[in-house]
Undergrad: 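After the structure tokens below, expect a handful of questions from me.
Throughout, a chain's letter reflects where its sequence line sits, starting with A, and its residues are numbered from 1.
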There are 2 protein chains.
Amino acid sequence: MAEPESATVDLEIIVQGAQEGKKLELRLWLRMLSTTKLISQEIRRRLRNEFGATLPQFDLMAQLYREREGLRLGELSKRTMVTNGNVTGLVERLESDGLVLRVTPDGDRRVTVAKLTAKGETLFSAMAAAHEGWLRDMMADVDPAIVSELWRDIGAVKSSVSNHLSGADFD
Amino acid sequence: MAEPESATVDLEIIVQGAQEGKKLELRLWLRMLSTTKLISQEIRRRLRNEFGATLPQFDLMAQLYREREGLRLGELSKRTMVTNGNVTGLVERLESDGLVLRVTPDGDRRVTVAKLTAKGETLFSAMAAAHEGWLRDMMADVDPAIVSELWRDIGAVKSSVSNHLSGADFD
DNA sequence: CGCAAACCTTTGACATTTCAAATGTCGCTC
DNA sequence: GAGCGACATTTGAAATGTCAAAGGTTTGCG
């Protein structure tokens, strides 16, 4: 089914109203997904090359950096949107690298609290600065006004999605 | 040189500054990421519950559905943004489920072409219809005009990101 | 007190992810 | 027609991801 060189591309797509009508949401989703993948891959590559860290580790440390007292694993799971079982292994690896510490509080022995070590804080703050710069660079060609608008409108999407989940809660 | 032409310049600066200033790109990224994760998880859950399929499998089948003649694994890798090694295992599992067929063309024995089976086409077309509906539902509270706008503006983001990668090409 | 329900984390089985290195084929040159 | 370089896929190690089931701990109620 090789396509002949004739202009089979529909001209009417150019017209606003003739957007093929349906599937607007589907198209938005596909574009969001591919864009997010693209950015993730770039950040992953740089985190690896420049800091020897992975993206999920970075995400987890970001949460701990905001809460210097540490967080329970369940809290970490919610905030990073990573499953419980996954957090266990993630924290294990970070602990063996000396970046995170695990403590069981006196009051409740069911609980494990994870907390950044000094080494972890130092490393994270370097990574965070670089990370922010990478994003600014990658989005350099986008008008700041558009960036703001996107931030707002994607918020609307997130909120709509949250209200139509089959069985969970939200932000 | 620094001649204030009009008051609008100052206003723009004020507006930007009032946006909590820095890190606009970072905040956009975090919101895109969490929203994408949220939607992905929902789709994943439904694909699993209703069709016993995974999201990467769905993505891969979507590409094959568009190209009934089949695609080489390398092409699949590019289109799904999944690494080569990953495609191998993905196709392996789909083949053992009877959804995909692997063929080596006569001309070039380096190549493997994957192609949907009849069973695969039937299953995918059911999944695709459901998938589209899920997205429409999830985004039901978002004004269609905003959806269009987002589609366009995220395109701009994607294009900017593509032009600032450290070592790869693009869409 | 005693025990069942609720809570938090871990474990186990699999699927997916990345990267780098290995394998196999083809095309082209000498 | 032997071999080198380019191309296509597979393999292997390590990390991440899901889900469901199992482990301890606490709480609350009879």
Undergrad: Closest-nucleotide mapping onto DNA chain C: is B/T83 or A/V113 further toward the 5' terminus? I mean the 5' end.
TA: A/V113

Undergrad: Given D/dT18, C/dT9, C/dC19, identify the nucleotide with an atom nearest to the side chain of A/T112.
TA: C/dT9

Undergrad: Inspect the surroundings of CZ in A/R102 and state if more than 12 heavy atoms from other residues, nucleotides or ligands are less than 6.0 Å away.
TA: yes

Undergrad: Just to be sure I understand the rule, does A/D108 reach a base, reach only the sugar-phosphate, or reach nothing, if contact means heavy atoms closer than 4.0 Å?
TA: sugar-phosphate

Undergrad: Quick check: A/F58 with A/F51 (ring centres under 6.0 Å apart)?
TA: no

Undergrad: Output the rounded distance in Å from CZ (B/R110) to P (D/dT10).
TA: 14 Å

Undergrad: How would you label the contact of B/V87 with the nucleic acid (heavy atoms, under 4.0 Å): base, sugar-phosphate, or nothing?
TA: nothing

Undergrad: Nearest-nucleotide wise, let me know which of A/Q41 and A/R102 is further upstream toward the 5' end of DNA chain C.
TA: A/R102

Undergrad: For the side chain of A/T88, counting heavy atoms from C-beta on, which of D/dC19, D/dT26, C/dT10 is nearest?
TA: C/dT10

Undergrad: What is the distance, to the nearest angstrom, from the CG atom on B/L71 to the P atom on D/dA8?
TA: 14 Å

Undergrad: How is B/L55 classified with respect to the nucleic acid when contacts are heavy atoms under 4.0 Å: base, sugar-phosphate, or nothing?
TA: nothing

Undergrad: How long is the line joining CD of B/Q57 and C1' of C/dA15, in whole Å?
TA: 8 Å

Undergrad: Round to the nearest Å and state the distance from B/N84 atom CG to C/dG24 atom P.
TA: 17 Å

Undergrad: Going by atom types only, do B/T80 and B/Q63 share a side-chain donor-acceptor pair under 3.5 Å?
TA: no

Undergrad: Taking the side chain as every heavy atom from C-beta outward, state whether A/R66 and A/R79 have any atom pair closer than 4.5 Å.
TA: no

Undergrad: Report the distance from atom NZ of B/K78 to atom C1' of D/dA8, rounded to the nearest whole Å.
TA: 10 Å

